[in-house]
Amino acid sequence: MHSETHLAQHHLRAAHLRAEADAHRLAAQAKRPYAIRTRLGWTLVEVGLRLASPRPAFAH
């Protein structure tokens with residue numbers, strides 16, 4: 001193969017890798033709200049369990 005052909009293949013492969021990296025970054029950013037949802041969900045579960053647990057009776 002000629003050196004210009006190798007260079008063209010290199011540029012094509014580099015562009016492909018950059019596109020994959022961009023897609024990976026976008027996918028990673030899209031997953032971040034789920035972490036907030038998960039924390040909020042477990043917080044609501046904890047609050048619900050505290051509300052549902054029996055409270056000690058006050059002595060008069």
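The first residue in the sequence is number 1, and the count goes up from there.
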Evaluation steps, side chain to side chain contact (heavy atoms under 4.5 Å, CB included), between Arg13 and Leu17: CA-CA 6 Å; Arg13 177 70 177 145; Leu17 289 174; 3.6 Å; yes
Steps toward side-chain hydrogen bond (donor to acceptor under 3.5 Å, both in side chains) verdict (Glu20, His24): CA-CA 6 Å; Glu20 282 186 13; His24 179 73; over 6 Å; no
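The side chain to side chain donor-acceptor pair (under 3.5 Å) check on Arg18 picks up nothing, with sequence neighbours excluded.
Put simply, CG on Leu51 and CD on Glu46 are 10.5 Å apart, with the number rounded to the nearest 0.5 Å. Annotation: the span from Leu49 atom CG to Leu44 atom CG amounts to 11.0 Å, rounded to 0.5 Å.
Between Leu12 and His16 the shortest side-chain heavy-atom distance does not fall below 4.5 Å.
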